[in-house]
Amino acid sequence: MSQIILVASGDLREGANIVCWPTQKAMEAKLTKVLADLGHELVRAHPEKAAGHGFIASQREGMDIFATIDPDAPLIVAEAVWQYSHHVLAGLTTHRGPILTVANWSGQYPGLVGLLNINASMTKAKVDYSTIWSENFDDDFFLKGIKEWLSTKKITHDSSHVRAFENTINEADHKLVADIAADIRCNKVILGVFDEGCMGMYNAIIPDELLMPMGIFKERLSQSTLYHATLQVPDEEAAEAYQWMLDKGMTFHYGPNPETDLTEEQVLGQCKMYIASVRLADQFGCEAIGIQYQQGLKDLLPASDLAEGMLNNEDRPDVKRSDGSVIRQGQAIVHFNEVDECAALDGVLINRLHRALGQPVENTLHDIRWGSFDPTGSSDDYVWVFEISGAVPPAHHEGGWAGSESLRQPLMYFPFGGGSLRGIAKAGNIIWSRIYVQQGALHMDLGRGKAIDLPKEEVARRSQSTTPEWPIMNAVLKGVSRDQMMARHKANHIQVVYAHSEADAERAMCAKGALAKELGIEVHLCGV
């Protein structure tokens, strides 16, 4: 019997590690049995801690653990939860043995999101790995993959849905794309980054030298700047922004206990952050900004989510300069959640292109959280749950602002509370994409799909199976199966934007591919 080493990367927050540990432990038990039945022993490289979990919880801890591991041993990174990839990435970069990432297929905790992040981080770091996932660890797909890895040290997945992009846009769209690219190169674009590298997402940092030839540069800002600017916003300005949302019909779910409930005071604090963010974007000339979301600010202010969703919407409360003029009135200010710079670049391209095409400009990233077939039978397609961890632009919701609501962000993540900007994504044609770094170059995967309506009881099941405080999109991807998507996608995030019709979506997708290619990004069409 051969030994296989197991490591499990966890959260930076002990509370989350403790809450999620039983799910991780149960998954590891199933994986251990499968390998034992195949004649192999799975050995944890690090024991369960007295604190009540068995996760690697810091970069230094991960380095120390990997120093004790035989660098030639077969290694499994098992994930049933969201994890910080930098906890284990250093060790993985020097590990010579075959590496396999494994996740359970569950919406309860973001294990699939964690798996995709560590896969994308290793892709960027040029680390070879294989990957697999399973709901019960007894299905043919999983068992076949495990056996292949045990015998050949790799797993081969189906990638027949992917083809190189060929520029077939018409002359008018070609000129439009060329004009946008020329303007970006000539006048330059600034991405405002409020502290880089959120939550261990190495994959979400684009090296400056890959952005500069396009004409795109970073303004590295500190979250302490945002904190200070938030505190300077007068109460009456926050109250005006809050009243604006109430007048639009948005619902806030309040409770009496600020430690566990959403309160009006928390929301007013979020409105101050929104106003401060708009003013800082204006001050530094940023076309897009990204707030680091959970770390740092969570110990000082209510969550940034409400502000993020407001920024990404064309229809949003006015914010004025000191001279009384309104900053970018009626225009979304692209916000890239979790300072994901790949989403930032994507968001800027979408905003410019869709505005020129007369298509909706509001776009957002989502976590690829989970998915399943609809047990009610209303759809025969595989339906993904795309779920951002807090906020999307209200224009994506059925009913817009009136169809949006705010619930308190989970206590284990946000001690100072703050509300989400939640809703159910409206049915419609979408273009999806992801920019990522591979072999030192920028790539884009690009495809089409639809956000669909599901019965209320099925939407409720999906929401309760994931994180009910967060906005949700039920999406069907054209020409891409569940396992093709998981095997191919180089990120925990996916970018989505609506188009008015299927024909508009096709045109916008092709124009976007042409724009990305014009700027030097290698484009791959997926499923189309």
Side-chain angles (χ1 to χ4, degrees), residues 194 221 223-283 289-322 324 326-329 332-333 335 337 388-394 397 400-411 413-423 469-471:
F194 283 100
L221 302 165
Q223 292 200 106
S224 62
T225 301
L226 180 56
Y227 174 62
H228 175 73
T230 298
L231 297 185
Q232 307 313 305
V233 175
D235 292 343
E236 55 269 25
E237 290 187 14
E240 288 175 4
Y242 173 52
Q243 187 61 50
W244 186 96
M245 287 186 284
L246 292 177
D247 292 343
K248 288 286 184 177
M250 184 168 169
T251 301
F252 294 85
H253 298 272
Y254 293 131
N257 183 356
E259 292 189 5
T260 56
D261 299 320
L262 183 64
T263 66
E264 188 175 284
E265 182 181 6
Q266 292 169 14
V267 171
L268 289 169
Q270 292 178 291
C271 290
K272 289 186 177 184
M273 186 187 292
Y274 160 72
I275 294 166
S277 299
V278 174
R279 287 177 175 157
L280 287 170
D282 185 55
Q283 177 185 341
I289 60 170
I291 302 169
Q292 203 185 111
Y293 177 70
Q294 291 187 1
Q295 298 306 334
L297 283 180
K298 73 174 176 58
D299 300 314
L300 298 168
L301 292 170
S304 58
D305 302 278
L306 181 61
E308 295 172 11
M310 295 165 75
L311 288 165
N312 270 330
N313 214 59
E314 294 274 273
D315 185 23
R316 58 180 178 81
D318 285 347
V319 177
K320 296 178 181 178
R321 302 182 181 91
S322 58
V326 178
I327 301 169
R328 303 185 206 176
Q329 189 170 33
I333 297 175
H335 178 275
N337 184 271
I388 194 173
S389 46
V392 301
H397 293 157
W401 280 104
S404 302
E405 57 186 337
S406 186
L407 298 93
R408 192 198 193 279
Q409 281 280 40
L411 177 61
Y413 299 135
F414 296 100
F416 286 91
S420 58
L421 209 169
R422 182 190 186 277
E469 296 88 354
W470 295 349

Output the distance between atom [atom1] ([X]) and atom [atom2] ([Y]), rounded to the nearest 0.5 Å.
{"X": "Phe414", "Y": "Asp299", "atom1": "CZ", "atom2": "CG", "answer": "10.5 Å"}
{"X": "Tyr413", "Y": "Glu469", "atom1": "OH", "atom2": "CD", "answer": "10.0 Å"}
{"X": "Glu265", "Y": "Phe416", "atom1": "CD", "atom2": "CZ", "answer": "11.0 Å"}
{"X": "Leu231", "Y": "Lys272", "atom1": "CG", "atom2": "NZ", "answer": "7.5 Å"}
{"X": "Met273", "Y": "Leu300", "atom1": "CE", "atom2": "CG", "answer": "9.0 Å"}
{"X": "His335", "Y": "Asn312", "atom1": "NE2", "atom2": "CG", "answer": "7.5 Å"}

Compare every heavy atom of [Y] with every heavy atom of [X], then report the nearest pair and how far apart it is.
{"X": "Asp305", "Y": "Ser420", "value": "CB-CA, 4.3 Å"}
{"X": "Asn337", "Y": "Ser389", "value": "OD1-OG, 4.1 Å"}
{"X": "Gln409", "Y": "Ala303", "value": "CG-CB, 4.0 Å"}
{"X": "Asn313", "Y": "Asp315", "value": "ND2-O, 2.8 Å"}

- Item | Which residues share a side chain to side chain donor-acceptor pair (under 3.5 Å) with Ser304, sequence neighbours left out | Glu308

- Query: In chain order, what residues pass the side chain to side chain donor-acceptor pair (under 3.5 Å) check against Gln232, with sequence neighbours excluded?
  - Reply: His228

Name the atoms and distances for all side-chain donor-acceptor pairs under 3.5 Å in residues 249-258, with sequence neighbours left out.
{"residue": "His253", "atom": "NE2", "partner": "Glu405", "partner atom": "OE1", "Å": "2.6"}
{"residue": "Tyr254", "atom": "OH", "partner": "Tyr242", "partner atom": "OH", "Å": "2.8"}
{"residue": "Asn257", "atom": "OD1", "partner": "Glu259", "partner atom": "N", "Å": "3.0"}
{"residue": "Asn257", "atom": "ND2", "partner": "Thr260", "partner atom": "OG1", "Å": "3.4"}

Residue pair [X] / [Y], side-chain heavy-atom distance below 4.5 Å:
{"X": "Arg328", "Y": "Val278", "answer": "no"}
{"X": "Arg316", "Y": "Ile333", "answer": "yes"}
{"X": "Ile388", "Y": "Pro471", "answer": "yes"}
{"X": "Tyr227", "Y": "Leu297", "answer": "yes"}
{"X": "Leu280", "Y": "Ile289", "answer": "no"}
{"X": "Val233", "Y": "Tyr274", "answer": "no"}
{"X": "Leu268", "Y": "Asp235", "answer": "no"}
{"X": "Met245", "Y": "Cys271", "answer": "yes"}

- Task: Report the C-alpha separation of Leu262 and Val267 in whole Å, then their side-chain angles, then the decisive distance to 0.1 Å, and conclude whether the side chain to side chain contact (heavy atoms under 4.5 Å, CB included) test is met.
- Result: CA-CA 8 Å; Leu262 183 64; Val267 171; 3.9 Å; yes

- Message: I'd like to know if Arg279 and Glu237 make a salt bridge, using a cut-off of under 4.0 Å between side-chain N and carboxylate O.
- Response: yes

